[in-house]
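Only this structure's heavy atoms are used, side chains among them; waters, hydrogens and symmetry mates stay out. Nothing here was measured: the structure is a model prediction, and the numbers come from that model. In this chain, numbering begins with 1 at the start of the sequence shown.
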Amino acid sequence: MSEKLKVGILGGTGMVGQRFISLLENHPWFEVTTIAASPRSAGKKYAECVEGRWKMDTPIPEAVKDIVVKNVNEVEEVASEVDFVFSAVDMTKEEIKAIEEAYAKTETPVVSNNSAHRWTPDVPMVVPEINPQHMEIIESQKKRLGTTRGFVAVKPNCSIQSYAPVLNAWMEFEPYEVIVSTYQAISGAGKTFKDWPEMEGNIIPYIGGEEEKSEKEPLRIWGEIKDGEIVPADFIKITSQCIRVPVLNGHTATVFVKFKKKPTKQQLIDAMVNFKGAPQELNLPSAPKQFIQYLEEDNRPQVALDVNYENGMGISVGRLREDSIYDWKFVGLSHNTVRGAAGGAILCAELLKAKGYITKK
């Protein structure tokens, strides 16, 4: 066990924090040794803090039950015990920015699930299969922070995972205009049906801030590093609607695409199913063997059947067909708290370790 990197979870009692803890159980590289949360949880054992509000399907891992939760605001103390941290804190955007940078300045890398730093010009926002090269911006960020090993890296919003990787697989055909509607699970709001009974049999046609993230974040992922910052791409336009639906886990997207080049259906399918990136080439522990699967049946992908594809780290696509106004349309599905949140951040951390950015202190 001593060879594993020591990991802290900031915001470890919330839904995404719980997902981090469940996914990191028996991880070959990382070991959760420290959990930090709000002052009201500090000083209690983890099992006591989440009693009655553990939201995962699997039980609380035995290894963390007796960990005494620390106050997330006691930065130096928490940082002294770990090699790096995952951040899933529930604070205002400005508070999150400040606390994540404070951890980075203790020479502790921060891999964040939060949105606060997604538009900080020198913070990489990475889908590991798509834009691992953006991690090179970390050297510029370290200069700004005055650190040698401390930095902040983030993963993008959960809602883009079910369509941005597909569009990326099709870049050779030059997609330039996209309409997307996402049908988003309630766990994306950190809720279960027990917490949010009014969602049963209901749809809410608004999720605050989500449409802007769905339209803008893919452009940053496809952007370029210039003069120490990431400049978003401008070769593609995306417009979106985001709707909350009565599903526990799994964000579904319906997508319409225009291409400059005119691919065939088979070319599009081949590009998807053969698409892979650095995680697959490096055989990272959390990497899906096949990132995107294509399902031929008219009634797929379905949340009930497909959300856990590749342990929740893969993307499922179906209903690819020609459109009467746009060129092609399809339906995508991804697991919002695994690939879209904690699992995506863990994969980022694995890639950062593989590239030498995260090491033992």
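Taking CG from Leu352 and CD1 from Ile138, the interatomic distance works out to 5.0 Å, rounded to the nearest 0.5 Å. Atom CG in Asp327 sits 12.5 Å away from atom NZ in Lys260 (nearest 0.5 Å). Rounding to the nearest 0.5 angstrom, the gap separating the OH atom in Tyr163 from the OG atom in Ser240 is 6.0 Å. Rounding to the nearest 0.5 Å gives a distance of 3.5 Å between OG of Ser286 and CD of Glu350. The distance from atom CD of Glu229 to atom CZ of Arg144, rounded to the nearest 0.5 Å, is 11.0 Å. With rounding to the nearest 0.5 Å, the separation of CD in Gln161 from CE in Met313 is 9.0 Å.
Contact between Lys97 and Ala116 at its shortest, heavy atoms only, is CE-O, 3.1 Å. The heavy-atom pair separating Ile346 from Phe30 by the smallest distance is O-CE1, 4.2 Å. Summarising the geometry of Gln280 relative to Pro288, their closest heavy-atom pair is NE2-O, 3.0 Å, with the distance given to 0.1 Å. When every heavy atom of Val331 is checked against every heavy atom of Thr254, the shortest pair comes out as CG2-CG2, 4.2 Å. Closest approach of Phe84 and Ala349 over heavy atoms only: CE1-CB, 3.9 Å. Between Ile315 and Tyr309 the shortest heavy-atom distance is O-CE2, 3.7 Å.
The local environment of NZ in Lys237 is sparse, with at most 12 non-hydrogen atoms from other residues, nucleotides or ligands closer than 6.0 Å. Within 6.0 Å of NZ in Lys65 there are more than 12 heavy atoms belonging to other residues, nucleotides or ligands. A 6.0 Å sphere centred on CD of Glu281 holds more than 12 heavy atoms belonging to other residues, nucleotides or ligands. Atom CD of Gln302 sits in a crowded spot, with more than 12 heavy atoms from other residues, nucleotides or ligands closer than 6.0 Å. More than 12 non-hydrogen atoms from other residues, nucleotides or ligands lie less than 6.0 angstrom from CD of Glu139.
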* To do: Decide yes or no on side chain to side chain contact (heavy atoms under 4.5 Å, CB included) for Asn73 and Met91, but give the supporting numbers first.
  => CA-CA 11 Å; Asn73 299 311; Met91 299 176 172; 3.8 Å; yes
* Asked: Asn113 and Lys155: side chain to side chain contact (heavy atoms under 4.5 Å, CB included), yes or no, with the steps?
  -> CA-CA 6 Å; Asn113 180 71; Lys155 53 143 287 299; 3.4 Å; yes
* Are Lys6 and Glu31 close enough, and set up right, to give a salt bridge (Lys or Arg N to Asp or Glu O under 4.0 Å), and what steps lead you there? -> CA-CA 5 Å; Lys6 293 179 179 176; Glu31 179 186 2; over 6 Å; no
* Please lay out, stage by stage, how Lys329 and Arg319 fare under the test side chain to side chain contact (heavy atoms under 4.5 Å, CB included). => CA-CA 7 Å; Lys329 54 191 171 187; Arg319 302 207 69 212; over 6 Å; no
* Chi angles and distances behind the side chain to side chain contact (heavy atoms under 4.5 Å, CB included) call for Met15, Met56 -> CA-CA 8 Å; Met15 180 177 269; Met56 301 296 106; 4.0 Å; yes
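Using modelled atom types and a 3.5 Å distance limit, the side chains of Asn336 and Ser187 yield a donor-acceptor pair. When only modelled atom types and interatomic distance are considered, Trp328 and Asp323 share no side-chain donor-acceptor pair under 3.5 Å. Of the N and O atoms on the side chains of Thr58 and Ser22, not one donor lies less than 3.5 Å from an acceptor on the other residue. A donor atom on one side chain and an acceptor atom on the other are not found under 3.5 Å apart for Glu77 and Ser80. Side chains of Asp122 and Ser140: no donor on one and acceptor on the other come within 3.5 Å. Arg339 and Ser334 share no side-chain donor-acceptor pair at under 3.5 Å. Counted by atom type alone, Thr182 and Gln184 present one or more donor-acceptor pairs between their side chains at under 3.5 Å. Using modelled atom types, one finds no donor on one side chain facing an acceptor on the other under 3.5 Å when comparing Asn202 with Glu198.
The only member of Thr33, Thr108, Thr34 that meets side-chain contact (heavy atoms from CB on, under 4.5 Å) when paired with Glu81 is Thr34. Each of Phe235, Trp170, Tyr176 was checked for a ring pair (Phe, Tyr, Trp, His ring centres under 6.0 Å) with Phe259, and the lone residue meeting it is Trp170.
Looking only at distances, a side-chain donor or acceptor of Gln267 sits under 3.5 Å from a matching main-chain atom of Thr264. In this structure, Glu107 contributes its side chain and Thr148 its backbone to a donor-acceptor pair below 3.5 Å.
Below 30°, between 30° and 60°, or above 60°: for Phe256 and Tyr326 the angle between ring planes is above 60°, a perpendicular geometry.
Ionic pairing of Glu3 and Lys360 is not present here: no N-O contact between side-chain nitrogen and carboxylate oxygen is shorter than 4.0 angstrom.
One hydrophobic cluster, built from ILVMFWY side chains closer than 4.5 Å, holds both Leu282 and Ile358.
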